[in-house]
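Scroll down for the structure; my scribbles are underneath it.
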Amino acid sequence: MALTKEITCHQAVALVSDYLDGALSRRERRRLEHHLAGCDACSAYLDQMKVTIALSGSVSPEDLPEKALTDLMEVFENFQRDRNDEGD
Amino acid sequence: MHYHATAHHFRGFVLWASTFARCNYPCAMDDEALLQRILAGDREAFVELVERYQTSLVRVARYYVKNEASAEDVAQDTWIAVLKGLERFEGRSSFKTWLFRIAANRARKTGTREHRVINLDPTDPVASARFNSQGMWIEVPAPFTDFIDAKLANAEVVEACREAIRLLPEPQQSVVTLRDVEGLSTSEVSHLLDLSEANTRVLLHRGRAKVREALEGKLKGGYSWH
Ligand SMILES: [Zn+2]
């Protein structure tokens with residue numbers, strides 16, 4: 001007889017994001033791991049979620065509009081000028 | 001079918017993903033090194049730092065202010081404050097955390113946002129239609145690493161991921177950007193966005209589930225790996 005209360009797949013997937021962030025209570029984590037051990041489908045879902053998070057972490061920044069870059073260069077030039085003035 | 005090789009697949013995947021990596025992985029030059037070069041007057045280093053963070057900065061600012069133009073102003077003020085404060089930055093927190101805190105503080109001051117009603121989005125992130133009445137999968141999901149192992153992956157998948165994040169409604173979009181794209185902790189994200197940690201987690205879960213769904217569609221939909 002299982003000591004851990006069984007959860008359904010539908011309930012399991014709701015726990016996956018918190019599981020990957022280490023944010024589940026010990027009991028919830030045990031329930032989920034128990035479910036995953038016997039469920040290929042939810043293990044696949046867990047894999048999908050890991051890949052999703054890793055992919056998000058590899059999204060590179062968008063190219064900046066020319067205007068934003070020029071403005072920020074000006075910010076930098078001013079900063080340099082102020083520093084040099086202080087230095088004199 | 002068995003998925004017990006998942007951990008192994010995943011390591012392989014992370015190696016693959018690191019070829020596209022930005023700063024969640026060791027990258028060409030870390031923030032601290034760029035800061036040193038900026039202090040030495042290196043303009044290129046400043047450009048590199050700006051390019052690294054500007055998109056996310058504008059996004060966080062946009063969360064508080066009423067339009068895109070104000071958000072860009074907030075981002076620009078943030079960079080001015082960063083340059084002014086750089087010599088005093090002690091590196092006790094990570095640069096990234098410091099940067100986003102400055103932006104959030106400035107955006108809050110500028111922001112006209114009244115008492116915000118946080119839209120937690122009550123729709124089920126994984127469509128209930130995918131489960132039967134006993135809560136079991138009707139159509140079983142396939143691990144993404146199977147696809148990714150199949151052939152060397154392609155910037156196209158990363159692009160699909162970016163697009164999926166861009167299409168998320170707020171505040172999911174800001175939460176996913178700060179947590180998963182920038183790699184800040186859930187606690188840092190909740191402070192930056194004035195959300196409780198519990199709400200941040202719910203939003204993260206729903207946002208991630210939507211991005212996952214978009215990728216599933218992409219990978220299933222006859223994606224060709226060359
Ligand atoms: Zn299951």
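Proteins get letters first, then strands, A, B, ... in listed order; numbering begins at 1 in each.
- Between A:I53 and B:R179, the closest side-chain pair of non-hydrogen atoms is not below 4.5 Å.
- Using a 4.5 Å cut-off on side-chain heavy atoms (C-beta onward), A:T52 and B:F144 make contact.
- A heavy-atom distance below 4.5 Å is found between the side chains of A:V75 and B:L83.
- The 12-atom threshold is not exceeded at CG of A:D63, counting heavy atoms of other residues, nucleotides or ligands nearer than 6.0 Å.
- Top candidate by heavy-atom pairs under 4.5 Å with chain A, chosen from B:E197, B:E87, B:R201, B:M136, is B:R201.
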Next on the checklist: Test side-chain contact (heavy atoms from CB on, under 4.5 Å) on B:Q134 and A:T8; report intermediate values, then the result.
Outcome noted: CA-CA 7 Å; B:Q134 278 91 52; A:T8 66; over 6 Å; no

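- If you measure heavy-atom distances from B:D42 to chain A, the contacts under 4.5 Å come from the backbone alone.
- Inter-residue side-chain proximity for B:Q54 and A:L72 is flagged as met; some heavy-atom pair is nearer than 4.5 Å.
- Contact record, A:V59 with B:V181: O-CG1, 4.2 Å, taken as the closest heavy-atom pair.
- A distance of 8.0 Å separates CZ of A:F79 from CD1 of B:I38, quoted to the nearest 0.5 Å.
- Contact of A:L69 with chain B is made through the side chain alone, with heavy-atom distances under 4.5 Å.
- B:R43 places no side-chain N or O within donor-acceptor distance of the main-chain N or O of A:M73, the cut-off being under 3.5 Å.
- Contacts between A:Q11 and chain B at a heavy-atom distance below 4.5 Å are absent for every atom of the residue.
- The minimum heavy-atom distance linking A:Y45 with B:A209 is given by the pair OH-CB, 4.2 Å.
- Across A:A41 and B:P141, no two heavy atoms sit closer than the pair O-CG, 3.3 Å.
- Contact record, A:S56 with B:V211: OG-CG1, 4.5 Å, taken as the closest heavy-atom pair.
- Within the 4.5 Å cutoff, the side chain of A:R83 has heavy atoms near those of the B:L39 side chain.
- The side-chain hydrogen bond (donor to acceptor under 3.5 Å, both in side chains) check on A:Q48 picks up B:R212, B:E216, with sequence neighbours excluded.
- Under the 4.0 Å criterion applied to side-chain N and carboxylate O atoms, B:E72 and A:K67 are not assigned as salt-bridge partners.
- Listed in order of number, the residues of residues 17-24 of chain A that approach chain B to under 4.5 Å between heavy atoms are A:S17, A:D18, A:D21, A:A23.
- Only the side chain of B:I165 comes within less than 4.5 Å of a heavy atom in chain A; its backbone stays farther off.
- The closest side-chain heavy-atom distance from A:D40 to B:V140 is not below 4.5 Å.
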